[in-house]
Amino acid sequence: SVAEAGAMDPQQRLLLEVGYTALHAAPLDRAALSGSAAGVFVGIASIEFAQVLASLPAGLSVYAATGSSLSIASGRVSYALGLHGPSISYDTACSSALIAAHAGLRALQHRECSSGVIMGVMLMLAPGMSQCFAVAGMTSARGRSHTFDVRADGYARGEAVGGTSLCTGRAGMAELAGSAVRQDGRSASLTAPSGLAQRGLLAEALLDAGTSAGELSLNEAHGTGTSLGDPIEAGSLSAVLLEGCGLRSAPLAWRGVKASAGHAEAAAGSTGLVQLAVGLCF
């Protein structure tokens, strides 16, 4: 209804649009999806719409609670399409969309769902968070993410929405061979990365995929463009991906979409995953 749409976070609208587009491209149509055990796995962290909604007449609507809820962001997609599989929203900050992808892969492997969609979304709807990050020195004064660059002085915030369908046994589609999740644990600070933990993560992902570092040809880096995080990531990647490879028959290409489109935070994993798949296929 008009009243419900007026109190709905635009991130939810984007997820509805991109989620169905990704599933339809699989191809899975509405009739086949309805009543199926298809899953919805969403990375979403921004709660800025709740602040915006509080200052609007729609904030008093009966739909205000569902319109600004992160859990409803995934649930609304399942509701609209009649999906009975897992429907979960993940907020793990910048890794949210990749955690959603990991969960979707595991659900498919363990037959908790028959198919599904993994998504990430991020919109900037109020200035408060940007101001906070700027004061903390996290964002770039130049307004760019200078990934693996001597000019790196912080990241540029970006907006994005991305969706990827999950299926089994589909010829001609990119294969998600393996995945792993780790945490930095105790590092220099609460938000500082840990090279040791990153190396463990990469080694575990390779093991889960049943592949070796020497077989890799392209790496989509986190590459935020910070003087702290980028060197640690480069060192971790070098230690794991180049160790024991000897003389490679082809170079290992590194790139980072954030240098072109900014850091989409909760949706960063979606943009990186799509960029990587496109790079490998074409």
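Since this is a predicted model, take the numbers as computed values, not measurements.
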Please tell me if the side chains of I118 and L273 come closer than 4.5 Å, counting only heavy atoms from C-beta onward.
yes
Quick one: does any side-chain atom of R255 pair with a main-chain N or O of Q275 as donor and acceptor, under 3.5 Å?
yes
With a 3.5 Å distance limit and no angle check, can you tell me whether D149 reaches the backbone of A152 through a side-chain donor-acceptor pair?
no
What's the separation between atom CG in L23 and atom OG1 in T164, rounded to the nearest 0.5 Å?
10.5 Å
Between E220 and G272, which heavy-atom pair has the shortest distance, and what is it?
CG-O, 3.6 Å
Polar side-chain atom of S1 near backbone of E4 as donor-acceptor pair, under 3.5 Å
yes
Approximate separation, where rounding is to 0.5 Å, of R186 CZ and L196 CG:
14.0 Å
With a 6.0 Å cut-off (strictly less than), is the heavy-atom count around CE of M129, excluding the residue itself, greater than 12?
no
side-chain contact (heavy atoms from CB on, under 4.5 Å) partners for A37, two or more places apart
S114
Any heavy-atom pair between the side chains of D153 and S227 that's under 4.5 Å?
no
Which pair of non-hydrogen atoms, one from T226 and one from P231, has the smallest distance, and what is that distance?
O-CD, 3.7 Å
Roughly how far, to the nearest 0.5 Å, is CG of L202 from CG of L207?
12.5 Å
A side-chain contact here means heavy atoms from C-beta on lying under 4.5 Å apart; do P193 and H222 qualify?
no
Treating S187 as the side-chain partner and A192 as the backbone partner, does any N or O pair qualify as donor plus acceptor under 3.5 Å?
yes
If I compare all heavy atoms of F49 with all of S68, which pair ends up nearest, and what's the gap?
CD2-CB, 4.1 Å
Distance, nearest 0.5 Å, that separates CD of E159 from CD of E265
10.0 Å
For the atom pair CG (L81) and NE2 (H24), what is the distance rounded to the nearest 0.5 Å?
12.0 Å
Distance-only, no hydrogens or angles: does the Q11 side chain make a donor-acceptor pair with backbone N or O of S46 under 3.5 Å?
yes
Cluster link L176 to L276, ILVMFWY, side chain under 4.5 Å:
no
Could you go step by step and tell me if I44 and S96 meet the side-chain contact (heavy atoms from CB on, under 4.5 Å) rule?
CA-CA 6 Å; I44 181 171; S96 297; over 6 Å; no
Which value, rounded to the nearest 0.5 Å, describes the distance between D91 atom CG and I99 atom CD1?
11.0 Å
Test side-chain contact (heavy atoms from CB on, under 4.5 Å) on I72 and D9 and set out the steps.
CA-CA 10 Å; I72 296 297; D9 189 336; over 6 Å; no
How close do A103 and Y90 get, counting heavy atoms only, and between which atoms?
CB-OH, 3.1 Å
Does L28 form a side-chain contact (heavy atoms from CB on, under 4.5 Å) with C167? I'd like the steps, not just the answer.
CA-CA 10 Å; L28 296 166; C167 307; 4.2 Å; yes
L16 and M8: which non-hydrogen atoms are nearest, and at how many Å?
CD1-CE, 4.4 Å
Y20 and L15: same hydrophobic cluster, using ILVMFWY side-chain contacts below 4.5 Å?
yes
Within a strict 4.5 Å, meaning less than it, do heavy atoms of the I232 and S236 side chains meet?
yes
Which pairs count as ring pair (Phe, Tyr, Trp, His ring centres under 6.0 Å) when at least one residue sits in residues 119-163, sequence neighbours excluded?
F148-W254, Y155-H263
Can any side-chain N or O of S140 pair as donor or acceptor with the backbone N or O of R144 at less than 3.5 Å?
yes
Hydrophobic clusters here meaning ILVMFWY residues chained together by side-chain heavy-atom distances under 4.5 Å, can you tell me if V274 and L98 are in one?
no
Are side-chain heavy atoms of S270 and V161 found at a separation under 4.5 Å?
no
Minimum heavy-atom separation for S89 to L70, with atom names?
OG-O, 2.6 Å
In terms of hydrophobic clusters joined by side-chain contacts under 4.5 Å, are L125 and V18 together?
yes
Validation row: S145, T224 side chains within 4.5 angstrom (heavy atoms)
no
Has the side chain of E233 got a donor or acceptor atom that lies under 3.5 Å from a matching backbone atom of G223?
yes
Take Q109 and L105 through the side-chain contact (heavy atoms from CB on, under 4.5 Å) test and state the conclusion after the steps.
CA-CA 6 Å; Q109 290 173 333; L105 174 63; 3.7 Å; yes
Side chain T66, main chain Y63, donor-acceptor under 3.5 Å:
yes
Could you tell me whether the side chain of S69 and the main chain of A65 form a donor-acceptor pair under 3.5 Å?
no
Less than 4.5 Å apart, any side-chain heavy atom of V77 and any of M119?
yes
Identify whether V181 and F41 are in the same connected component of the hydrophobic contact network (ILVMFWY, side-chain heavy atoms under 4.5 Å).
yes
So does I47 have more than 12 non-hydrogen atoms from other groups sitting under 6.0 Å from CD1?
no
Please answer whether the main-chain N or O of S179 pairs with a side-chain N or O of R106 as donor and acceptor at a distance below 3.5 Å.
yes
